[in-house]
Amino acid sequence: MQPAYHPEGLYDESKVASQQNAQIITQMWHQNGKCPENTIPIRRTKKDDVLRASSVRRYGKKRHRSTPNPMSVDPDMLNESGHQHAIAYVEGDKYYGAKATINVWQPKIEQANEFSLSQLWILGGSFGQDLNSIEAGWQVSPDLYGDNNTRLFTYWTSDAYQATGCYNLLCSGFIQINNQIAMGASIFPISNYGGSQYDINILVWKDPKEGNWWLQFGNDYVLGYWPSFLFSYLADSASMIEWGGEVVNSEPDGTHTTTQMGSGHFPEEGFGKASYFRNIQVVDSSNNLKAPRGLGSFTEQSNCYDVQNGNNGDWGTYFYYGGPGKNANCP
């Protein structure tokens, strides 16, 4: 299957980008070959991968309550779930997709059961037991992959991470159609502090004709889709879009992990040092890509990880985000 429609305005900015030297982001496995026509690449699941999971049933799943809820900050929940975020978000409208150009880094992870990711969230419903979420971006997760490589990933759930959904292709749900990009495969190259910067384009949108949610990577790769029947709220539209970073802080007794978010540096360090999302957009009910209106930002502990929004001609709506975790102001 192919999407019946792409969002309007998608290729306006890419005309400009193609005149500049567009960076080529590849995946490591491309060095070893490619997939034949009418097949897709699937990252092999090994016995060790499953054994690292807390249980076979939980393999490939996120923990509960891992979606940032900027509408209610309950300090007890913060310590209980151990997930921390630095995000920008919009709510209060019906959304039919989201796009972002995401700066790619390789944050350091303190403990194997922690992760660091940068992604967009397409959310439907309230933050109760029936939350619908579609997610895509990059992550470093030793538990899931057995190493510290930065990898492309997707996620979905229709019941707030309880029983449905998973990462990548580790359960049925997301239907991949592309034979060049593998879910869960390493991204290359990645950005250097004070050096070369690399970013990836992620677009998720709802096909107005068929109603499925499609995923595109870069300007050329339509990767696949989430059928609308997987969802309750997202069968119609999303009620909130979020962009940003998330880490797991599993340190006990109130001390903080040194797991980094983004580049591991605070937003105020700016380009080349702090991680960014740029050209963030939403898809409206007319299937048009447009700048988000009324963008808010949210972080549970700004002295550990922070976020700063901005806007200019080249980058459209953007923000810098991230941080080192444990530091003098974040014990």
Side-chain angles (χ1 to χ4, degrees), residues 1-7 10 25 27 29-30 34-45 49-50 57-62 67 95-100 102 117 119-125 130-139 141 144-145 151-187 200-238 241 283 287:
M1 227 169 101
Q2 288 289 340
Y5 297 97
H6 271 74
L10 176 59
I25 295 250
Q27 292 187 308
W29 67 275
H30 292 164
K34 55 182 196 235
C35 288
E37 202 61 35
N38 298 320
T39 68
I40 62 163
I42 299 177
R43 187 175 181 273
R44 183 172 304 165
T45 298
D49 294 335
V50 182
R57 199 174 60 83
R58 295 299 302 165
Y59 174 61
K61 296 187 183 299
K62 279 193 182 186
T67 306
Y95 306 100
Y96 295 85
K99 182 171 186 285
I102 311 175
L117 57 74
Q119 67 170 53
L120 53 84
W121 287 259
I122 312 269
L123 299 169
D130 55 355
L131 180 74
N132 289 194
S133 184
I134 287 173
E135 306 168 25
W138 60 257
Q139 69 181 158
S141 176
L144 192 55
Y145 303 107
R151 296 170 177 275
L152 175 72
F153 82 96
T154 61
Y155 200 92
W156 71 275
T157 179
S158 61
D159 62 357
Y161 310 98
Q162 293 175 96
T164 62
C166 60
Y167 283 110
N168 305 325
L169 303 177
L170 296 176
C171 63
S172 59
F174 180 77
I175 297 169
Q176 183 159 344
I177 65 163
N178 184 285
N179 75 341
Q180 294 170 285
I181 301 294
M183 295 302 173
S186 306
I187 299 171
I200 57 172
N201 281 318
I202 300 274
L203 165 68
V204 176
W205 81 101
K206 196 175 205 302
D207 182 339
K209 188 170 175 213
E210 304 288 343
N212 300 319
W213 290 90
W214 284 87
L215 170 66
Q216 180 163 317
F217 176 75
N219 290 325
D220 306 315
Y221 301 110
V222 175
L223 299 189
Y225 62 96
W226 291 270
S228 62
F229 66 70
L230 294 173
F231 303 105
S232 49
Y233 298 105
L234 287 178
D236 173 47
S237 62
I241 306 287
V283 180
N287 198 35

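Everything quoted here is computed from the prediction, not taken from an experiment. These numbers come from the heavy atoms of this one structure, side chains and all, not from hydrogens, waters or symmetry mates.
For the residue pair Lys209 and Asp207, the shortest heavy atom distance occurs at N-OD1, 2.9 Å. Nearest heavy atoms, Asp49 versus Leu144: OD1-O, 4.3 Å. Residues Gln180 and His30 come closest through the heavy atom pair O-NE2, 2.6 Å. What you find for Ala182 and Trp29 is that their closest heavy atoms are CB-NE1, 3.5 Å. Between Gln216 and Trp205 the shortest heavy-atom distance is CB-CZ3, 3.8 Å. Contact record, Ile102 with Gly137: CD1-CA, 4.4 Å, taken as the closest heavy-atom pair.
Between the side chains of Ser141 and Gln139, no donor-acceptor pair is found at a separation under 3.5 Å. Between the side chains of Tyr233 and Asp130, at least one donor-acceptor pair of N or O atoms lies under 3.5 Å. Between the side chains of Asn168 and Tyr145, a donor-acceptor pair is found at a separation under 3.5 Å. Under the 3.5 Å distance criterion, with hydrogens and angles disregarded, a donor-acceptor pair is assigned to the side chains of Thr164 and Asp159.
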For Trp138 and Leu152: C-alpha separation, side-chain torsions, deciding distance, then whether side-chain contact (heavy atoms from CB on, under 4.5 Å) applies.
CA-CA 5 Å; Trp138 60 257; Leu152 175 72; 5.9 Å; no
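Atoms CD and CD, from Gln2 and Glu210 in turn, are 12.0 Å apart once rounded to the nearest 0.5 Å. Once rounded to the nearest 0.5 Å, the distance linking CD of Gln176 with CG of Leu223 reads 6.0 Å. The OH atom of Tyr5 lies 9.0 Å from the CG atom of Asn287; values are rounded to the nearest 0.5 Å. Summarising the geometry, atom CZ belonging to Phe231 is positioned 13.0 Å from atom CG belonging to Asp236; distances are rounded to the nearest 0.5 Å. Atom CD in Gln27 sits 8.5 Å away from atom CE in Met183 (nearest 0.5 Å). Considering CZ of Phe174 and OH of Tyr225, their distance stands at 9.5 Å, rounded to 0.5 Å.
Looking at heavy atoms from C-beta onward, Thr45 lies in side-chain contact with Val50 at the 4.5 angstrom threshold. Residues Trp214 and Val204 fail the side-chain proximity criterion, which asks for heavy atoms closer than 4.5 Å. Put simply, the side chain of Leu131 does not reach to within 4.5 Å of the side chain of Thr157, judged on heavy atoms. Counting only heavy atoms from C-beta outward, the side chains of Pro3 and Val222 approach each other to under 4.5 Å. Contact annotation: the side chain of Leu120 approaches that of Ile122 to within less than 4.5 Å [non-hydrogen atoms, C-beta and beyond]. Contact check for Ile175 versus Pro227: side-chain heavy atoms found under the 4.5 Å cut-off.
The only member of Phe153, Trp156, Tyr59 that meets ring pair (Phe, Tyr, Trp, His ring centres under 6.0 Å) when paired with Tyr167 is Phe153. Of the listed residues (Ile181, Asn178, Ile202), just one forms a side chain to side chain contact (heavy atoms under 4.5 Å, CB included) with Leu215, and that residue is Ile202.
Of the possible donor and acceptor atoms, one in the side chain of Lys206 sits under 3.5 Å from a partner among the backbone N and O of Ala235. Under the 3.5 Å distance criterion, the side-chain polar atoms of Asn132 are matched with a main-chain donor or acceptor of Ser158.
Aromatic ring centres of Tyr155 and Tyr161 lie closer together than 6.0 Å.
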